[in-house]
Amino acid sequence: SVRSVDDSLPALIHLPLASYVESGGVQGVWVFDEASGAVSFRPVTLVGFERNEALVAEGLKPGERVVSAGAALLRPGQKVKLLVEPPAAG
């Protein structure tokens, strides 16, 4: 989700902590490409943590999908499957 607490500050993207990884000393996330089904490492500007979330200021666009489970085990170009939550029973 994207939230801004102050209009003078950029909106921050809140990600699950499990999405955030460091690779070679670079902070980033794995971005999922729907066309290829593969992931790529994307450096991001991390500004802190809040509860169970990493706060990202730069490096992602709203709507991009990032890996939130097993991120520490991935490598560039690795194919992954998108898990879709089943519809809520009503």
Rounded to the nearest 0.5 Å, how far does CD of Glu64 lie from CD1 of Ile13? 7.5 Å
Tell me, do Phe41 and Val21 make a side-chain contact under 4.5 Å, heavy atoms counted? yes
Enter the distance from Trp30:CH2 to Leu73:CG here, rounded to the nearest 0.5 Å. 10.5 Å
Heavy-atom closest pair, residues Ser68 and Ala18: O-CB, 3.2 Å
Gly28 and Val44 have their tightest heavy-atom pair at CA-CG2, 3.7 Å
Would you kindly confirm whether Leu74 and Leu82 end up in one hydrophobic cluster when ILVMFWY residues are joined by side chain heavy atoms under 4.5 Å apart? yes
Any donor-acceptor pair under 3.5 Å from Ser19 side chain to Val67 backbone: yes
More than 12 heavy atoms of other residues, nucleotides or ligands under 6.0 Å from CD of Glu58: is that the case? no
Determine the minimum heavy-atom distance between Arg51 and Leu17, stating which atoms define it. O-CD1, 4.3 Å
With a 4.5 Å cut-off on side-chain heavy atoms, are Val31 and Val29 touching? yes
Main chain of Leu60, side chain of Arg42: is a donor-acceptor contact present, judged purely on distance under 3.5 Å? no
So CZ of Arg65 and CD of Glu34: to nearest 0.5 Å the spacing works out to 4.5 Å
Determine yes or no for a side-chain-to-main-chain donor-acceptor pair under 3.5 angstrom, with Lys81 supplying the side chain and Gly37 the backbone. no
